[in-house]
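On a predicted model such as this, the values are computed, not experimentally measured, just so you know.
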Amino acid sequence: MNTRTLIITFVWMIMSNIGICAQEHWDAQERIELNKGVFPKNFSKAIDAIQYDLLGIERGKSHVKVIDNNTLYINLSFSLKNSVQQGDWRIAVKPDFLPSFHWAPHLTPTDRNVIDQHVFRSPALIVADDHQTLILIPDLDIMQKGTPVRWYMDMDASSNTLILGMCNNHVSEHVLFERDQETTYPKGDIEIGFYLMYSDSKEVLRNPFKKPLEFMWSRWGHTAYVKGNPVKESLEKYVQHTYNWAFNSWSENVWQQFELDGNKVGAPVFIVNVTQSPNYPGEINEREFRSIWNQAWFSSLRSASGLYRYARRTGNRELFAKANLTKELALSFPQRNGFFYGLIGTEMHEVEIDGKKYNRSKGWNTYYWGNSNRNPYTWNPKESPYHILDMSWTALLMLRWYDELEKDARLLAYAEDYAMALLGIQYENGFFPGWLDLKTMQPMNHLNASPETSLSVTFLLKLYELTHKEEYKRAAFRAMNAVIHEIIPVGKWEDFETYWSCSRYGSDNLVGKKVLRNNMHKQNNFSMFWTAEALLECYRLTSNKEYLDYGQRTLDELLMTQASWQPPYMYVNVLGGFGVLNADGEWNDSRESLFSELIIQYGKLLDKPEYIERGYAALKASFVMMYCTENPQTKQQWEKVHPFFASEDYGFMMENYGHGGRTNPAGEGMGEFTIYDWGNGAAAEAYNRILDKFGKIEK
C-alpha cells in the first residue's frame, strides 16, 4: 500500500443462503480513495484499510469529513430493499502499524465474542505503538436516534483489526457477549458512523485516554449534564430519604443494635431485600447471612462518618448517637498482632412456614468474627483469610475520622497498631501481600503484586501526615513506585473483585495473564481508583509532577468506565455513572459515590472543568437508582418489577443497573436488594463529605 493514501474499500458480502440478488447502487462519487490532499496528513501512516461488509442494498452513500488535523468522521448510510439475514455486518479498520498497546471497554476472548452496545459507557477502541496512537469512537448521535440492529465493537490484536458492527448477540459467562448465528437486518434505511483520532504526540502516548474523554464529554456529556442528567433535584432530599428509610420506615430490618462485652454497638445491616419491605405481602427471606462489614466495598465505618456529618449539620442527636455506635463497633473488632477481621456475622437457619422454607438469622447472641468471602479460597466467612486491602481501608477511615471529625485517640492507636504490622509484611519489591492465612498469618498465593497495594500507600501517607514518622512515608513510596512500574504501563488492574466476585471469568487460568486476542488484562476500575488516589497523595507530599502525571493517566483510564452519554436503551438516567469490569454489565454502580470526590479534587488541582462536571455527575448518579418521587423514571421501573412498593419504601436503592447485560422498558436491569453501605448509605456519605469539603453542590 502507498502509505500516503488512505483506502476505503467496500466489500460486497451477501450470504449464499439468502438468495437476494439486489444490485449495488452505490454513489460512484462517494466510492473514493482518500489521498493525502483530502484527509489530514497525520493519517497517512495510521490506517492500512477500512473495509465495509455490505448487504443487499438498494442505494448507499459514504461520507468522510475532516473534523480537524487529528480527527476524521466516516459515515455510511444505505437502504435495504428487503430484509436481509446474515451472521454479521462490520466495518474493519486496520492500522498501518503494529500496536503494542491495546484498550477496549470489554473483553472479546474469541472470534465469537463482541463488545455489545450495552457496555458503551465511554465507547472507544485505542491502539498505540511507541510513536503513534489511533482511536475509534462510534457516532453516538446516530445511536441516540435508535438503531434497527444492536451495534457492537471488537478489537482483535492478533489480526490488528478494530471493528464496529451490527449484529444480534446474547450474554454468556458473567458478563461476556457472543454474536448470534443469524441477524435480521430490516428493510429500510440504515446508518452507521464513527470518528477516527490519530496522534503522534508524546503527551497522547503517555496518556491515550485523555483525548477520547475530552471528545466525548464535550460532544455529549456536557450537554446532557447541563440539562439535568443524571438528577435535577437537590441531593439533600435524597439523603433525607436514605436516613428515613434506614432508621425509620425500614429500621426494624436495617438497624442492628446489640452489646459486645458490655458495650453498646450498632450499624445498619449488610444487606436487605424486597421481602423485608413493610409493604411486602409475603414472608421475609434474608438474602445472605446477617452481618455488618468493614470491607473495601461494604464499610459501615465509612457510612457512619457520613451520618456523623449529617447529624452534626442538622443537630440530630439520635442519628449522631447511631453514628458513634458504629464507630464503637469498628473499634471492637479484635486485633491479632495488629491485624483484624473484616466483618461480624450471625448464625443462620431455615424456618418452615406453610410448607415453604425461609432464611433467617438466629440473632446477635450467636455472633462471630470473620472476613470477606469474596476471595480465591473459600465462600465461608468464618474461614476466609485476612485481607490486607480491607484492613488498610478501615484503618484509613479511622484516621480520617480522627483528623476530620473528632480526635478520638483510640482510632489513631488502633490504626497505628495495624500499620506496624503492615510494615512487617512488605515485600522487598515494595508490594504488600493480598491475603494472610487465618491461622499462620503468613501471605497466601494470590495478588501479592497487585494494585491493591495502592490503598495501603494512601493509608501510610495519611498516618505519616498525622505522626510524622518517616518509616510510614518510606514504605509508602516504595510501594507506590512498584505500582507505577509494574501495573500502570500494562493495565494490570487485578484485585479481589476482578476474579472473585460475581464475574469469575478467568479466575481459574487468567490471573496475572492477558487475554491474548485483546492484548489486555481482565480489569477492574476499583484498583484504578485506589491508585489514582495514592498518586495524588504522593504528589501533594512531594510536588513531584511525575506522580501527578501518572495519577491523571490512571484517573483517565478510570473515567473510560464512566458513562459520557445517555443511551436510549437505558431506561433510567446514567450519565456520570460507572461500570465495574471489562467483563461485567453494570451501569450506575455504587462505586461512583466513592470516586466522585477524587475526580473533583483532580479537577480543582488541574483547573479542568470537565473533571469537576464528571465528579459531580458521579455523585448525582449515585442517587439515580433510589426509589422516590424525585426519580420518576426509576420509580416507574421499580414499580414494574415490585408493584407493592409505596411511600414507606422511598430510599430503597439497588447498587447498580443492568448488571446482567440487558435492560428493557419492562424493568429488566432492576434488582431486588439494597446494601446500605454500598448504595444509599454510601451515596449519602459522599454527599455529606463533599458538602463539608467543597460547600454547595454545583449544578
Side-chain angles (χ1 to χ4, degrees), residues 70-71 101-106 119-128 133-137 155 195 197-199 201-222 225 451 454 480 483-484 487-493 520-521 523-539 545-565 575-582 589 591-592 594-618 621:
N70 296 96
T71 310
F101 172 84
H102 298 78
W103 189 91
H106 214 72
V119 291
F120 280 23
R121 302 179 190 93
S122 291
L125 301 174
I126 306 173
V127 294
T133 306
L134 182 66
I135 302 164
L136 184 153
I137 299 173
M155 183 178 68
Y195 298 87
M197 306 176 75
Y198 175 81
S199 177
S201 79
K202 292 181 179 179
E203 179 185 0
V204 175
L205 286 170
R206 282 194 300 267
N207 181 358
F209 310 109
K210 181 172 179 285
K211 289 294 183 183
L213 286 170
E214 290 174 344
F215 183 86
M216 285 183 274
W217 193 259
S218 65
R219 209 167 193 90
W220 297 293
H222 171 75
Y225 181 74
S454 297
M480 191 77 267
V483 173
I484 286 172
I487 304 299
I488 295 175
V490 294
K492 195 176 180 182
W493 301 113
M520 288 182 67
H521 288 278
Q523 298 175 334
N524 181 30
N525 62 12
F526 216 178
S527 51
M528 300 176 196
F529 164 72
W530 302 320
T531 302
E533 183 177 47
L535 286 160
L536 182 60
E537 295 307 314
C538 288
Y539 171 74
K545 192 173 181 297
E546 184 178 11
Y547 289 124
L548 183 60
D549 290 343
Y550 276 117
Q552 187 177 6
R553 183 194 193 279
T554 303
L555 180 72
D556 283 347
E557 189 164 6
L558 171 72
L559 293 174
M560 293 297 293
T561 67
Q562 185 184 33
S564 294
W565 69 305
L575 183 77
F578 276 84
V580 177
L581 297 162
N582 58 4
D589 191 84
R591 66 200 58 223
E592 57 226 13
L594 186 64
F595 296 171
S596 55
E597 184 192 349
L598 180 70
I599 304 167
I600 296 168
Q601 287 176 333
Y602 270 95
K604 290 181 178 295
L605 178 64
L606 296 168
D607 191 22
K608 193 171 174 64
E610 176 201 338
Y611 284 174
I612 295 174
E613 283 190 350
R614 284 182 176 275
Y616 281 111

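For the atom pair CZ of Phe120 and NE2 of His106, the computed distance is 11.0 Å after rounding to the nearest 0.5 Å. In this structure, CD1 on Ile135 lies 10.0 Å from CZ on Phe215, to the nearest 0.5 angstrom. We find the CD-CD1 distance between Glu557 and Ile126 to be 8.5 Å, quoted to the nearest 0.5 Å. Atom CD in Glu546 sits 10.5 Å away from atom SG in Cys538 (nearest 0.5 Å). Atom-to-atom distance recorded for Gln552:CD and Leu536:CG is 11.0 Å, nearest 0.5 angstrom. From Tyr602, atom OH reaches atom CD of Glu597 across 12.5 Å, with rounding to the nearest 0.5 Å.
Shortest non-hydrogen contact noted between Met216 and Met560 is CE-CE, 4.3 Å. What you find for Asn524 and Ser527 is that their closest heavy atoms are O-OG, 3.2 Å. For the pair Ala104 and Leu125, the tightest heavy-atom approach, listed with the atom from each and the gap, is CB-CD2, 3.7 Å. Tyr611 and Gly603 get closest at one heavy-atom pair: CB-CA, 3.5 Å. Looking at every heavy atom in both residues, Phe578 comes nearest to Thr561 through CD2-OG1, 3.3 Å. Nearest heavy-atom pair, Ala124 versus Trp103, reported as atom, atom and distance to 0.1 Å: O-CZ3, 3.5 Å.
At least one donor-acceptor pair closer than 3.5 Å links the side chain of Ser122 to the backbone N or O of Gln562. Judged by distance alone, with hydrogens and angles left aside, the side-chain atoms of Tyr547 form no donor-acceptor pair with the main-chain N or O of Met480 at under 3.5 Å. Side-chain atoms of Asn582 do not come within 3.5 Å of backbone N or O of Pro105 as any donor-acceptor pair. Glu592 contributes a side-chain N or O that, together with a main-chain N or O of Asp589, makes up a donor-acceptor pair within less than 3.5 Å. Within the 3.5 Å criterion, the main-chain N or O of Leu558 finds no donor-acceptor partner in the side chain of Trp493. A donor-acceptor contact shorter than 3.5 Å links the side chain of Gln523 to the backbone of Gly491. The backbone N or O of Val580 sits nowhere less than 3.5 Å from a side-chain atom of Arg591 that would complete a donor-acceptor pair.
Side chains of Asn70 and Met197 form no contact here, defined as non-hydrogen atoms less than 4.5 Å apart. Between Phe209 and Leu559, the closest side-chain pair of non-hydrogen atoms is not below 4.5 Å. Within the 4.5 Å cutoff, the side chain of Thr531 has no heavy atoms near those of the Ile487 side chain. In this structure, Val127 and Met155 have side chains that are in contact, with non-hydrogen atoms separated by less than 4.5 Å. The side-chain heavy atoms of Val483 and Leu535, taken from C-beta on, include no pair separated by under 4.5 Å.
One finds no salt bridge joining Lys210 and Glu610 here, because no Lys/Arg side-chain nitrogen approaches an Asp/Glu carboxylate oxygen to under 4.0 Å.
Under the side-chain contact (heavy atoms from CB on, under 4.5 Å) test applied with Phe529, the options Leu555, Thr554, Leu598, Ile599 reduce to a single match, Leu598. When Ile137, Leu136, Thr133 are each tested for a side-chain contact (heavy atoms from CB on, under 4.5 Å) with Pro212, only one passes: Ile137.
A side-chain donor from one of Arg614 and Ser564 sits under 3.5 Å from a side-chain acceptor of the other.
Taking the six-membered ring where tryptophan is involved, the planes of Tyr195 and Trp220 are perpendicular, since the angle between them exceeds 60° and thus also 30°.
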